[in-house]
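Shown next, in C-alpha cells, is the structure this report addresses.
Note that the structure is a prediction, hence the values are computed from the model and not measured.
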Amino acid sequence: MDKPTLPKGTRDFGPAQMSKRLLIINTIRKVFEKYGFQPLETPAIENLTTLTGKYGEEGDQLLFKILNSGDFLKDTTADTLATGDWKQLTHAISEKGLRYDLTVPFARYVVMNRHEITFPFKRYQIQPVWRADRPQKGRYREFYQCDADVIGTDSLICEAEIILMIKEVFNALGITDYSINMNHRAILSGLGQLTGSKENESSLFIAIDKLDKIGEDKVKEELRGKGFSEANLNSLFEVLNFKGDTKNKIEFLSKKFANSPPGQKGVSDFKEVRSLLASYGANEEHLDFNLALARGLSYYTGCIFEVKINNVSIGSVSGGGRYDNLTGGFGLPGVSGVGFSFGVDRLYDAMEELNLFPEDAQVSSRVLVSHLDEECRRFALKTVYALRKEGIASEVYPDNTKLKKQLEYADRKKIPFVIVIGSDEMKSGNLTLKNMKTGEQYLRTLAEIIASF
RNA sequence: GUGAAUGUAGUUCAGUUGGUUAGAACGCCAGAUUGUGAUUCUGGAGGUCGCGGGUUCGAGCCCCGUCUUUCACCCCA
C-alpha cells in the first residue's frame, strides 16, 4: 500500500485551521445577512453545457470535467478516437463538471426559478469551487468563495453597498491596510477609443492590468509589441498617471472623455457611487478609482472591483463587478446583476502572514472535568451534564488515568479551565477549579462555577 | 497549458569531489517517593533520503521518468 497523498492543489483543514477559517466565514456571513442577502447553495456538479462558454476560452480549459459513468466509450466510434480531436472526444465522454465559480450557477438558478423569485434578488453563497489551474501560493485547485450578488436592478446602490460590506468585513477581521480598487468597463472602453485600439482592446486591458506589478516601462514595451503607437501610449499614460483625489480624477476624466459616450457613462457611474456613499454617511477611505484595473472574466459590463491587502504576498482577496447579461446565456436577457466574492483561502493566508488571528481562535471546550478514580469519574459525569445544561461547552476525560495526563490533555487542547474531582471534592461539594492560563486554583461549588461563566 | 526550481525523522534544516551504521534542534513517548499541565532533569522511540527506473564495486549526492510544493507566463479568490 502506497502512502496516501492529496491531489494537487487541495488541502486538509485540521481543527486549528478550521477554527480560523470559520472565524472568517462567519464574519462574512454575518455581514451579508446584515445587508439583506439570503443564503443559497447549489450542487458542486453542474452540466458542462451550463459551465462552458461563460469564462472565455481560457476558463473553459480550467474546468474540471467528470467522466461519464459506466461505459463512457459506448457512443464513441473508432473514427473519433483516430482523429485525435480531444475537444470533440471530451464532449462525447464527459457531460458534467465541477463548478468554476458561484456566479454562473447562481445565474442558472435565477433563470430556472425566475417565476418564484422576488426581484431584486439578493443572495449569498459560501461554497468551494474548483479550477484546474497550476497551483502556487494563494492559488489552489479547490478553494472557497463567499459570493454576494444582487440581480434584477441597475441601481448603483448595490455597488455602494458592496464597498460598505467589504469595509465592514475587513474591519471585523482586523485588516486595516488594504485598497478597494474600482474601475468601470466603460472607462476601459473609453481608454480603448483614446488609444485607437479596436481589435487590440483585450491586449490593451491585459497589459495595463499588470501596471502595478511590472511598471510603466514594461507595460509600454508590451504594448509597442502589440502595435500601439507612441502617440497613443502617451495619451494612455497621461490618463493612467493622473494623480489626485477621486474628485479631481473624476473632473479630469470627464474632460478627457468628452467625446467618448462609454467614457462618459463610466465617469457618471463613478460620480453616482461617490455621491451615494456620501449619503450613507460613509467616507471614501480605502477606495481607489484605479483606471488600470481590468478583470479578466468577460461577463462584466459595468463597475468592476478588486481588493488587495497591502504588504502581503497574496493576490487579490476579493473581486467582482456588474454584469448586464449573465442570464442571457440561459435564455433570460436584459437582467442586470452585480456581485462580488471574498476568497476565504487568500484571506486566511493574508491574515496568517499579518498575524491577525486571535490566540483563542481555537474551537474547544471551556471546561475539562478531570477525576482521580472510578467513583470520581462517575461524579464527573453528573458535573459535566450540569455544565452542558447551562450551555457551557465541556467534556469529561474518558479514561481513568493520572491527573497529569488529564491536565496535559487540557493544555494541548487549549481548554482554559479544569475541574478536578477527588474524594475531598465529592465529600465537601467544593470542587477544585483550575485556571490553566494563570495556574491559579480555587475551591468552588458547582453553582458558583456555573455562575462565573 | 508553456518554461524553471524543489523534496532528507512529526516540524525546521545539516549531510564534504559518489565511500562504513544518514545527524541536530524542536516536537513526541516514558520516568523524576503516586492529587497538578505549559518551565527543569533523565531516558527512549522515530527515516524505503517523495516515488519508480538507470549508471556505478558502491547513490541521500549523478542520469531519466513521475508526483508534490514553489516561481515566472497565462489567468484569477
Q | Lys NZ or Arg CZ of A:R131 over A:Y100 ring: under 6.0 Å, within 45° | A |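 A:R131 over A:Y100 ring: yes.
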Q.
Show me the dot-bracket string of RNA chain B, counting Watson-Crick or G-U pairs under 3.5 Å, with | for pairs to another strand and [ ] for crossing ones.
A. (((((.(..((((.....[...)))).(((((.......))))).....(((((..]....)))))).)))))....
Q: Please work out which residues in residues 396-405 of chain A have a non-hydrogen atom less than 4.0 Å from an atom of RNA chain B and list them by number.
A: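 Nucleic-acid contacts, sorted: A:K402, A:L403, A:K404, A:K405.
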Q) Where the side chain of A:E408 is defined as all heavy atoms beyond and including C-beta, which of B:G35, B:C73, B:A38 is the nearest nucleotide? A) B:A38
**Q.** Among B:U36, B:G35, B:C28, the nucleotide that comes nearest once only the side chain of A:Q441 is considered
**A.** B:U36
Q) With a centroid cutoff of 5.5 Å and a plane-angle limit of 30°, would you call A:F342 stacked on B:A77? A) no
Q | Residues that A:Q441 engages under side-chain contact (heavy atoms from CB on, under 4.5 Å), provided they are two or more places apart | A |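 If we apply the side-chain contact (heavy atoms from CB on, under 4.5 Å) test to A:Q441, skipping adjacent residues, the hits are A:T432, A:K434.
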Q.
Would the base of B:U36 count as contacting A:K434 through its side chain, where contact means a donor and an acceptor less than 3.5 Å apart?
A.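 Yes, the side chain and the base share a sub-3.5 Å donor-acceptor pair.
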Q: Can you sort out the partners of A:Y442 under ring-ring contact (aromatic ring centres under 6.0 Å, His included), two or more places apart, ordered by chain and number?
A: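 With neighbours one apart ignored, the set is empty.
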Q: Would you mind checking if A:R224 and A:E230 are paired as a salt bridge, meaning a charged N to carboxylate O distance below 4.0 Å?
A: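 Looking at A:E230 and A:R224, the cut-off is met.
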(Q) Set out, in order, the CA-CA distance, both residues' side-chain angles and the distance that settles side-chain hydrogen bond (donor to acceptor under 3.5 Å, both in side chains) for A:D177 and A:N311, then state yes or no. (A) CA-CA 8 Å; A:D177 193 8; A:N311 304 314; 3.1 Å; yes
Q | salt bridge (Lys or Arg N to Asp or Glu O under 4.0 Å) contacts in which one or both residues fall within residues 21-30 of chain A, not counting sequence neighbours | A |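 Listed by first then second residue: A:R21-A:D345.
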Q: If a protein heavy atom is under 4.0 Å from the base, mark B; if only from the sugar-phosphate, S; if neither, -; do that for nucleotides 1-8 of chain B going 5' to 3'.
A: BBB-----
